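Reading through the structure tokens given below for one structure.
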Amino acid sequence: MRSSRRRFLAGFAALSAVPAMARPARASQARQFMLEPARQQIAPDGYPETNLWCVNGSMPGETLRLIQGDRLRVEVENRLPQPTSLHWHGIRIDNAMDGVPGVTQAPIQPGARFTYDFALPDAGTYWYHSHAQSVEQVERGLQGALIIAEAVSPDIDQDLPLVIDDMRVTAEAQVDEAFAAPHDLSHAGRLGNVLLVNGRLQSEHSVRRGDRLRLRLINTANARIFILGLQGLEGWVMAYDGMPLRTPRAISDRLTLAPAQRVDLFVDVTASEGEDAFLLQFEQDGGYEMARFTVTSGTAVRRDPPAPLAPNPQFPIDLPSARHVDLRMQGGAMAWLTSAQFKGEELEGRELAQRGQFWAFNGTAGRPVDPLITAKLGETIRIRMFNETLFPHAMHLHGMHFSEVHSDGSLGPLRDTLLMRRGETREIAFQAHNPGDWLLHCHMLSHHAAGMGTWVRVLT
Ligand SMILES: [Cu+2]
């Protein structure tokens with residue numbers, strides 16, 4: 001397995017170190033978030049700093065660490081030149097706090113403030129990001145990790161959130177401002193030319209042989225699907241999208257992390273003292289270093305399977321009583337829309353393209369006037385999704401987690417974002433336990449901007 005030094009896809013080569021993360025600590029439940037332009041050294045030394053839009057001066061923004069059952073109150077002040085909002089991804093949140101402009105709140109205008117205040121019912125790995133003009137604002141830096149600790153801490157030695165992102169920058173190391181490039185909108189989305197972990201080109205961590213690490217991987221990229229692997233680390237998948245697996249799953253192969261997805265790993269450091277261990281990212285030509293773990297002397301490797309994480313509150317899915325709805329995912333390059341509804345008008349493909357719309361759900365580009373389905377509180381909903389496009393999509397439901405319904409009728413693990421490969425048909429089910437209007441959209445942000453969004457209404 002080959003691992004090269006962390007690289008700058010555009011050809012940069014120099015490196016910078018990342019400070020070790022602190023152990024989790026009891027967080028205060030009140031935070032002030034200043035959203036404003038800031039500069040950060042993204043490119044190697046010798047290149048200029050990159051102009052970003054940051055939460056409290058850094059990209060990613062402050063890692064929020066709270067404890068399950070806490071309330072979080074965040075006072076946001078917008079000092080950016082655009083209206084904005086923050087979405088608390090994966091939190092089963094009060095609908096009014098979901099951060100979707102035009103659906104759950106008015107956008108936070110430049111110079112204005114908005115206070116988010118909500119309960120944190122679930123432990124796990126979540127994140128926050130702008131949900132306004134997100135194809136631009138998330139790329140410019142409005143994103144951060146939201147870590148909700150279990151009431152009883154699991155037996156681990158280090159807890160390391162790794163925010164994995166890519167960014168497209170110019171030769172001057174500035175964010176490429178072609179956010180609405182038709183090729184990105186209509187193909188695989190905006191892919192970056194720098195790969196970042198916790199906002200830096202290089203991610204280095206000091207560990208001891210035999211340590212058990214909790215790695216919290218969060219894909220905050222606009223559109224990149226990361227294929228990840230480990231070297232010198234062995235362990236288990238503990239949770240997807242914040243939700244614990246009933247039985248930890250031994251990691252035997254590569255891990256796929258679609259945009260917005262998270263995975264919690266418990267891994268034992270099996271590399272020897274003096275060696276390095278790696279989180280690797282695979283491309284067609286081999287594995288590349290994403291994070292490096294320098295190994296010092298330690299103890300024997302444990303290898304004993306960890307106890308599962310305590311389950312979060314359950315909202316059982318009742319398949320026999322479920323109501324069904326179909327979602328046909330349409331359009332994109334090489335399967336071009338011939339026509340679709342857009343803002344109440346039936347438009348031809350060329351007219352849609354002129355409006356930056358290339359994708360549709362059930363014949364409608366952009367958020368339709370009527371929800372995909374209106375659910376009674378507590379009802380189980382099944383959505384069968386047909387990916388009739390020639391691209392993968394990362395389908396995200398706000399406000400509630402779902403399970404995939406497998407062809408044998410069994411339910412997969414709870415998730416909030418599902419990767420749909422080209423041509424696939426897959427079905428999800430969830431209990432409509434959280435009242436309000438919830439988006440269901442592709443989390444490839446260029447795709448969402450170009451038409452891939454609908455919504456679900458849950459009645460009180
Ligand atoms: Cu998509």
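What you see is a predicted model, and the numbers here were worked out from it, not measured in a lab. Counting starts at 1 for both ligands and their atoms, in listed order.
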Check your understanding: Is R426 close to E404 at the side-chain level, that is, under 4.5 Å between some pair of heavy atoms?
Key -> yes
With distance as the sole criterion, is a donor-acceptor pair present between the side chains of [X] and [Y] under 3.5 Å?
X	Y	answer
T125	R262	no
Q137	S130	yes
H89	H131	no

Exercise for review: Give the total of protein N/O/S atoms at a distance below 2.8 Å from the Cu ion (ligand 1).
Suggested key: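 For the Cu ion (ligand 1), the figure is 3.
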Exercise for review: Find out whether the Lys NZ or Arg CZ of R328 is both under 6.0 angstrom from the six-membered ring centre of F386 and within 45° of the ring's axis.
Suggested key: yes
Check your understanding: Would you say H396's side chain and D416's backbone share a donor-acceptor pair under 3.5 angstrom?
Key ->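 Between the backbone of D416 and the side chain of H396 there is a qualifying donor-acceptor contact (under 3.5 Å).
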